[in-house]
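Quick notes on the structure that follows.
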Amino acid sequence: QVQLMESGGGLVQAGGSLRLSCVASGSISVINAMGWYRQAPGKQRELVATITSGGSTNYVDSVKGRFTISRDNAKNTVYLQMNSLKPEDTAVYYCNANVATTIMRSVSINYWGQGTQVTVSS
């Protein structure tokens with residue numbers, strides 16, 4: 001049983017920055033990939049950035065060069081540094097973690113945070 005708690009969302013002006021944090025807690029064996037997703041009103045949820053246990057990262061094209069994902073394995077925490085924010089970045093941002101089960105490591109479960117609102121004004 002794992003819980004994810006996001007923090008760091010808020011209201012900022014275009015061109016500003018925010019830093020999102022997500023802490024995983026509970027019965028954790030090993031966390032595989034972690035990532036950030038977002039969903040704007042009337043749109044489907046999209047993957048923003050991911051980071052593997054080995055530190056490899058991937059970003060959606062629209063945020064490349066502006067967002068940076070990182071993780072602290074010792075603290076079971078993933079971060080999303082968002083710079084040069086644009087109004088189109090406005091969305092609810094969700095943290096995701098793929099966690100191996102304690103019963104069988106080959107079986108993993110995706111956990112989701114409850115989301116944090118990011119609003120960018122023009």
Side-chain angles (χ1 to χ4, degrees):
Q1 188 174 355
V2 178
Q3 293 182 334
L4 303 179
M5 294 295 294
E6 304 104 331
S7 62
L11 174 63
V12 298
Q13 292 181 300
S17 298
L18 284 174
R19 182 179 175 87
L20 305 183
S21 299
C22 173
V23 180
S25 62
S27 300
I28 301 174
S29 56
V30 294
I31 302 178
N32 299 316
M34 302 186 77
W36 290 94
Y37 294 72
R38 67 185 180 186
Q39 186 167 24
K43 297 183 179 180
Q44 292 185 314
R45 183 170 59 187
E46 68 171 346
L47 191 152
V48 178
T50 60
I51 183 167
T52 68
S53 60
S56 298
T57 59
N58 188 47
Y59 301 90
V60 66
D61 287 343
S62 61
V63 308
K64 288 181 178 178
R66 299 189 297 119
F67 291 10
T68 302
I69 188 171
S70 61
R71 64 190 288 174
D72 186 334
N73 291 330
K75 297 181 179 180
N76 292 325
T77 302
V78 64
Y79 306 93
L80 185 67
Q81 179 67 46
M82 304 184 293
N83 299 325
S84 302
L85 283 163
K86 304 175 181 179
E88 47 264 46
D89 294 319
T90 296
V92 177
Y93 284 71
Y94 297 91
C95 176
N96 170 267
N98 184 261
V99 182
T101 65
T102 56
I103 300 175
M104 187 178 298
R105 185 171 177 176
S106 61
V107 178
S108 62
I109 300 175
N110 282 306
Y111 292 91
W112 295 89
Q114 60 184 340
T116 184
Q117 177 71 50
V118 172
T119 302
V120 184
S121 62
S122 60

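- In this structure, the separation between OG1 on Thr50 and CG on Asn96 is 9.5 Å, given to the nearest 0.5 Å.
- Here the OG1-CD1 distance, from Thr52 to Ile31, works out to 12.5 Å after rounding to the nearest 0.5 Å.
- Side chain of Arg71 to backbone of Ala33: no donor-acceptor contact under 3.5 angstrom is found.
- Inspection of the Ser17 and Asn83 side chains reveals an N or O donor paired with an N or O acceptor under 3.5 Å.
- For the residue pair Gly8 and Leu18, the shortest heavy atom distance occurs at O-CD2, 3.7 Å.
- Between Tyr79 and Thr68, the closest side-chain pair of non-hydrogen atoms is not below 4.5 Å.
- For the atom pair Lys86 NZ and Ser62 OG, the distance stands at 8.0 Å (nearest 0.5 Å).
- Here the shortest heavy-atom pairing between Val99 and Asn32 reads C-ND2, 4.5 Å.
- In this structure, the side chains of Val92 and Tyr37 stay at 4.5 Å or more apart for every pair of heavy atoms.
- Taking CD of Gln3 as the start and OG of Ser27 as the end, the distance is 10.0 Å to the nearest 0.5 Å.
- Leu80 and Ala49 make their closest contact through CD1-CB, 4.3 Å (heavy atoms, listed as atom of the first residue, atom of the second, distance).
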Which pairs would a plain distance check flag for residues 106-114, meaning a side-chain donor or acceptor within less than 3.5 Å of a matching protein atom at least two apart in sequence or in another chain?
| unit_1 | atom_1 | unit_2 | atom_2 | d |
| --- | --- | --- | --- | --- |
| Ser108 | OG | Asn98 | OD1 | 3.4 |
| Ser108 | OG | Asn98 | ND2 | 3.3 |
| Asn110 | OD1 | Asn98 | ND2 | 3.2 |

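- Side-chain contact between Asp89 and Arg38 is present, with heavy atoms from C-beta onward closer than 4.5 Å.
- In this structure, the separation between CG on Leu20 and CH2 on Trp36 is 4.5 Å, given to the nearest 0.5 Å.
- Looking at Asp61 and Lys64, a side-chain N of the basic residue comes within less than 4.0 Å of a carboxylate O on the acidic one, giving a salt bridge.
- Grouping Ile, Leu, Val, Met, Phe, Trp and Tyr residues whose side-chain heavy atoms lie under 4.5 Å apart, directly or via other members, leaves Val30 alone, with no other cluster members.
- Side-chain atoms of Glu6 come within 3.5 Å of backbone atoms of Cys95 as a donor-acceptor pair (strictly under, hydrogens ignored).
- Tracing side-chain contacts under 4.5 Å through hydrophobic residues (I, L, V, M, F, W, Y), one never reaches Val23 starting from Tyr94; they form parts of separate clusters.
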Side-chain donor-acceptor pairs of residues 115-122 under 3.5 Å, sequence neighbours excluded:
| unit_1 | atom_1 | unit_2 | atom_2 | d |
| --- | --- | --- | --- | --- |
| Thr116 | OG1 | Gly9 | N | 3.3 |
| Gln117 | NE2 | Ala91 | O | 3.4 |
| Gln117 | NE2 | Thr119 | OG1 | 3.3 |
| Ser121 | OG | Val12 | O | 3.4 |

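- More than 12 heavy-atom neighbours from other residues, nucleotides or ligands sit within 6.0 angstrom of CD on Glu46.
- Rounding to the nearest 0.5 Å places CG of Asn76 at 8.5 Å from OG of Ser25.
- At distances below 3.5 Å, not a single donor-acceptor pair connects side-chain atoms of Tyr59 with backbone N or O atoms of Arg66.
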